[in-house]
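Notes to accompany the following structure.
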Number of protein chains: 2
Amino acid sequence: MKASPSIKRRTVTSSVLDLLRDRIISGYYEGGHQIRQEAIADEVGVSRIPVREALVQLEAEGLVVIHTHKGAVVAKLTPEDAVDIFEARLIFEPFILAKAMEKATPDDVERVQSAYRDYEKALLAGESPAILSQLNWAFHIALSYAADRPRSLSVLSTLYNSADRYLRLQIDAKAAQTKALEEHSALAQYFADGNSSAAQKLLKKHIADARDDVIRGLQHRGTKVAS
Amino acid sequence: MKASPSIKRRTVTSSVLDLLRDRIISGYYEGGHQIRQEAIADEVGVSRIPVREALVQLEAEGLVVIHTHKGAVVAKLTPEDAVDIFEARLIFEPFILAKAMEKATPDDVERVQSAYRDYEKALLAGESPAILSQLNWAFHIALSYAADRPRSLSVLSTLYNSADRYLRLQIDAKAAQTKALEEHSALAQYFADGNSSAAQKLLKKHIADARDDVIRGLQHRGTKVAS
DNA sequence: GACCCGTATATTGAATACAAAGCCCTCGTT
DNA sequence: AACGAGGGCTTTGTATTCAATATACGGGTC
């Protein structure tokens, strides 16, 4: 089974899907925002059918909630939801990492190193949060790649997208990004050394810290986001 | 499998979704089976639109794979996929169980007991595999309910549906069901006693055994299913 | 003035109709 | 006979159109 998600030809539905997902994750659409099918359709210059299908997929990803005959609303960001997501990652990612490290080849090690360098380069270049987020995720993907577990990867990917929404509203994004870089450096080293237990431990801390930062941030914002 | 019975009004898409999901999980559609939109539409007496939307959701659940301009194919059952799914559950479910037990109230205990009795009753009554599977899942849901983690539950639910496909082709279903009943009994007891570590340990064994049974079964069937 | 109920409108759900891509078979060439 | 080009057929992707439902507004009643 060759996991090749890119073989899918570009379709209108997928374009709309990417557009909407990006707007939700980036915070352009805030939690509670109602997404009107026709508004999107008119804006992009397509019919409502691809928009509908994109929304269905977004609901499966947990980014929107669809109420029958009432339409799609961007999922709200709450502390409870953040804990739900980040702790799921907390349990899951180190497990996948362990599986990956069991089977990792030199190519896999190089993939991790490369992903690390890409992130570092982008951070130093002062790239946008969107770019950094993407490369951050690419690094985590690289860590998991060798596990060769499409299902688990899919679960992780969904969780990450939702987690990213919370990460994007960090107050001091710069500090978080720099901290991430340092931890990625160590993770990449442990990966290369085959030190699985150290890698897992650090990854857990990495995610737990992110969770705590997010929670703190949400409390700081008060009820503004919750409701 | 009725995730949200009361909230969402019954829609054609959801009916088709349930129908197709059921056919895939039950094995009526084998892995590799091509699902023609128009065939389903004609059979049910609806247009292709709801069928398409149902297929999109099924792809998100990992039950079908959609190739652009080529259509939907029922996901194949392979040993690698089974390991992927069952080990994801193996890591995830005990974690959710622990979270649930931290917060469980007497009502939650009663919910687990009730789910256990329902399964026992159905097994003794010689109910169909479909019914037993549903009640089996209902028991696991009951164990997780108190955790109050919708995201994690959703992940678990998806994993379980796919896992169920493998469980359904067990050679000796009766033996597995009886074994499950015994383990459920002990799990329910640990839950009631608040013995979290014992419960987690048993749940892990429960899932690991299921994984091993499934793998054995797949090997026994040889290449017939794999290809 | 508050509340209930019907109607009007906006928005989604589904069906029909049209466009485009993939597949398969034929036919011609070598 | 093997191979490749082309065309027709099948199936999916998208647009357009019609139907059903929820929300908002207004009139009537107490």
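Side-chain atoms are counted along with the backbone in the values below, which use heavy atoms only and exclude waters and symmetry mates. Every chain is numbered from 1 and lettered A, B, ... according to where its sequence line falls, protein lines coming before strand lines. Worth saying up front: this structure is predicted, and the values here are computed from it rather than measured.
- We find that B:Glu43 and B:Arg36 are not joined by a salt bridge, their nearest charged nitrogen and carboxylate oxygen being 4.0 Å or further apart.
- Legend: residues meeting ring pair (Phe, Tyr, Trp, His ring centres under 6.0 Å) with B:Tyr29, ordered by chain and number and at least two apart, are B:His33.
- Spacing between atom NE2 of A:His69 and atom C1' of D:dT21 amounts to 5 Å, rounded to whole angstrom units.
- Spacing between atom CG of A:Leu55 and atom P of C:dT12 amounts to 9 Å, rounded to whole angstrom units.
- In this structure, CZ on B:Arg48 lies 6.5 Å from CD on B:Glu38, to the nearest 0.5 angstrom.
- Applying the side chain to side chain contact (heavy atoms under 4.5 Å, CB included) criterion to A:Asp81, with sequence neighbours excluded, gives A:Thr78, A:Ile85, A:Tyr166, B:Arg151.
- For the segment residues 32-43 of chain B, no residue has any heavy atom less than 4.0 angstrom from an atom of DNA chain C.
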Could you give the side-chain donor-acceptor pairs of residues 93-104 of chain A under 3.5 Å, partners two or more places apart or in another chain?
{"residue": "A:Glu93", "atom": "OE1", "partner": "A:His140", "partner atom": "ND1", "Å": "3.0"}
{"residue": "A:Glu93", "atom": "OE2", "partner": "A:Arg89", "partner atom": "NE", "Å": "2.6"}
{"residue": "A:Glu93", "atom": "OE2", "partner": "A:Arg89", "partner atom": "NH2", "Å": "2.8"}

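- B:Phe191 pairs by the ring pair (Phe, Tyr, Trp, His ring centres under 6.0 Å) definition with nothing, not counting sequence neighbours.
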* Asked: What string of B, S and - do you get for nucleotides 14-19 of chain D 5' to 3' if you count protein non-hydrogen atoms under 4.0 Å?
  -> BBB---
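- Under the 6.0 Å cut-off for aromatic ring centres, B:His184 and B:Tyr116 do not qualify, their centroids lying 6.0 Å or more apart.
- If you check the side chains of B:Asp107 and B:Tyr145, you find no donor sitting under 3.5 Å from an acceptor.
- Side-chain nitrogen and oxygen atoms of B:Lys70 include at least one within less than 4.0 Å of the OP1 or OP2 phosphate oxygen of C:dC23.
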